[in-house]
Every structure is written in C-alpha cells, then in structure tokens.
Amino acid sequence: MRTAHSLDYSISFGDCDPAGIVFYPHVYAWFDRTFHDWLRRFGGHGAICETLGAIGLGLMEAGAQFRRPMRDGDVLTLTLSVEEWGRKTLRLSYEGRVGGHVTVVGNELRALFKRTDNGMVAAEVGALRRMVEGDGQGR
C-alpha cells in the first residue's frame, strides 16, 4: 500500500451533531472529496472518464471505523492510499488524523463503469491503473 493523496479539513460547528462530534455521514463525503481531489492530478473525474470511454468511477462499497471523536475546531488530515487493484475494481483505504491521533479509518471499493448494449457494467481498470501509475495515457 502506498499513500496516494492527503487533504486537510477544518471541522466546523455545522459538521457536528447535537453531542458536538462530527456527524458520521460527513466522513463519507470527505472520503469522496479526497478521492475526487486525488483524481485532479490526472485531469479530474470527467476528463478521465472521457479518455477511458466511461460513465464514471462509481462507488460499490464503503465502510468506516470511528476511533476518536472529531469536534468543531479540529483539523482533520485525511490520507487516501491505493490498497489493491483488481481486474474490475480499485480498493482504497483512508486514515483520518487529528493532532497525530487516528480518528477514523475507512475503505471504498470503486469501479470504472461503462455503458454497453446490456446496460451499465463494471469495466476492466487496467487502463485507469496505467493512467494513475505513470504514463498518463490510460491506453
């Protein structure tokens, strides 16, 4: 596993529930934002899909474990790592830290979706892997 991307979030009062801790759905949105921010290195979601003839890089599975509460005023550093490349999927892991302490860990399973005569299907991700690992072309 290698770190692919890191992003900082300043947690505000609006991110928190009545108990004063981050409302958990925000964490899933932050995972997604970190993923899409990472894709900007390669032209962004739209450009990648256009290059690869895809509809989108969609989410198939997501999970999180909350280790410590996050509160208004905290700065969360969320790090995305590429965990595993499958034939048709990409597994990502996330680690969130506040002040050096792990606050949340999570994972996503994503696929590259394309339209076919039989509907939308998960396509092979080899071209995507080549794109993000170096040659930039995806072909």
Side-chain angles (χ1 to χ4, degrees):
M1 175 173 52
R2 68 177 170 79
T3 299
H5 192 66
S6 230
L7 201 57
D8 289 338
Y9 298 92
S10 294
I11 297 171
S12 71
F13 176 79
D15 296 319
C16 299
D17 64 16
I21 60 175
V22 166
F23 184 49
Y24 76 92
H26 292 300
V27 172
Y28 289 101
W30 296 335
F31 288 172
D32 189 65
R33 180 175 168 210
T34 302
F35 173 72
H36 286 280
D37 194 69
W38 174 59
L39 293 181
R40 288 191 203 304
R41 289 187 197 172
F42 316 106
H45 184 267
I48 291 169
C49 289
E50 185 175 331
T51 298
L52 299 179
I55 300 166
L57 292 160
L59 188 62
M60 297 178 70
E61 178 183 302
Q65 298 170 2
F66 301 92
R67 304 272 174 88
R68 294 177 78 125
M70 296 172 278
R71 295 184 166 85
D72 179 26
D74 286 345
V75 175
L76 172 68
T77 299
L78 196 54
T79 303
L80 172 154
S81 298
V82 176
E83 185 80 27
E84 177 184 6
W85 287 96
R87 189 169 70 85
K88 293 189 173 190
T89 58
L90 167 61
R91 184 165 297 279
L92 305 168
S93 64
Y94 296 88
E95 180 183 79
R97 290 180 171 268
V98 171
H101 299 285
V102 175
T103 58
V104 63
V105 294
N107 61 76
E108 291 180 332
L109 186 67
R110 289 188 176 259
L112 180 70
F113 289 101
K114 294 186 176 185
R115 280 198 211 288
T116 69
D117 292 338
N118 297 322
M120 185 172 57
V121 299
E124 293 195 16
V125 295
L128 174 64
R129 183 177 186 175
R130 288 188 296 280
M131 181 180 284
V132 302
E133 287 186 345
D135 75 13
Q137 298 301 307
R139 303 218 186 263

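Under a 4.5 Å side-chain heavy-atom cut-off, the cluster of Ile, Leu, Val, Met, Phe, Trp and Tyr residues that includes Ile21 has no other member. Residue Val105 is found in a hydrophobic cluster whose other members, listed by chain and number, are Val102; membership requires side-chain heavy atoms under 4.5 Å apart, directly or through intermediates.
Under the 4.5 Å side-chain heavy-atom criterion for Ile, Leu, Val, Met, Phe, Trp and Tyr, Leu76 and Tyr28 are members of the same hydrophobic cluster. Both Leu7 and Tyr94 are members of a single hydrophobic cluster when ILVMFWY side chains are connected at heavy-atom separations under 4.5 Å. Side-chain heavy atoms closer than 4.5 Å link hydrophobic residues (I, L, V, M, F, W, Y) into clusters, and following such links, even through other members, never connects Leu109 to Trp30.
Within the structure, the side-chain hydrogen bond (donor to acceptor under 3.5 Å, both in side chains) test picks out the following pairs touching residues 112-126 (sequence neighbours left out): Arg87-Glu124. Residue pairs meeting the salt bridge (Lys or Arg N to Asp or Glu O under 4.0 Å) criterion with at least one partner in residues 4-18, sequence neighbours excluded, are absent. For residues 96-105, the set of pairs meeting the salt bridge (Lys or Arg N to Asp or Glu O under 4.0 Å) definition, not counting sequence neighbours, comprises Glu95-Arg97.
Here Thr89 contributes atom OG1 and Met60 contributes atom CE; the two are 7.0 Å apart, rounded to the nearest 0.5 Å. The CH2 atom of Trp85 lies 7.0 Å from the CZ atom of Arg129; values are rounded to the nearest 0.5 Å. If you take CG on Asn107 and CG on Leu92, they are separated by 9.0 Å, rounding to the nearest 0.5 Å. Taken to the nearest 0.5 Å, the CG atom of Leu80 stands 11.0 Å off from the NE2 atom of His36. Atom CD1 in Ile48 sits 4.5 Å away from atom CG in Leu39 (nearest 0.5 Å). The CG atom of Asp32 sits 7.5 Å away from the CG atom of Leu59 when rounded to the nearest 0.5 Å.
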Would you check, one step at a time, whether the test side-chain contact (heavy atoms from CB on, under 4.5 Å) holds for Trp38 with Val132?
CA-CA 10 Å; Trp38 174 59; Val132 302; 4.2 Å; yes
Go through it in stages, so that I can follow the logic: the residues are Leu57 and Phe35, the test is side-chain contact (heavy atoms from CB on, under 4.5 Å), and I'd like the CA-CA distance, side-chain angles, deciding distance and then a yes or no.
CA-CA 10 Å; Leu57 292 160; Phe35 173 72; 4.2 Å; yes
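Between His26 and Phe23, the two ring planes are perpendicular [angle over 60°; tilted spans 30° to 60°].
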Solution key, residues 66-74 side-chain donor-acceptor pairs under 3.5 Å, sequence neighbours excluded:
residue: Arg67; atom: NH2; partner: Gln65; partner atom: OE1; Å: 3.0
residue: Arg68; atom: NH1; partner: His101; partner atom: ND1; Å: 3.1
residue: Asp72; atom: OD1; partner: Phe13; partner atom: N; Å: 3.1
residue: Asp74; atom: OD2; partner: Arg71; partner atom: N; Å: 2.8

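Residues that satisfy the salt bridge (Lys or Arg N to Asp or Glu O under 4.0 Å) test with Arg91, not counting sequence neighbours, are Glu61. Glu84 is linked by a side-chain hydrogen bond (donor to acceptor under 3.5 Å, both in side chains) to nothing, counting only residues two or more places apart in sequence or in another chain. Among residues two or more places apart in sequence or in another chain, the side-chain hydrogen bond (donor to acceptor under 3.5 Å, both in side chains) test is passed with Thr34 by Tyr9. Listed by chain and residue number, Asp37 satisfy the side-chain contact (heavy atoms from CB on, under 4.5 Å) test with Arg40 (two or more places apart in sequence, or in another chain). Every residue was checked against the ring pair (Phe, Tyr, Trp, His ring centres under 6.0 Å) condition with Phe113, not counting sequence neighbours, and none meets it. Residues satisfying the ring pair (Phe, Tyr, Trp, His ring centres under 6.0 Å) criterion with Tyr24, sequence neighbours excluded, are absent altogether.
Heavy-atom minimum distance, Cys49 versus Gly56: SG-CA, 3.4 Å. Considering all non-hydrogen atoms of both residues, Phe42 and Met131 come closest at CD2-O, 3.9 Å. Here the shortest heavy-atom pairing between Gly63 and Phe31 reads O-CE1, 3.8 Å.
In this structure a side-chain-to-backbone donor-acceptor pair under 3.5 Å is missing from Ser81 to Ser93.
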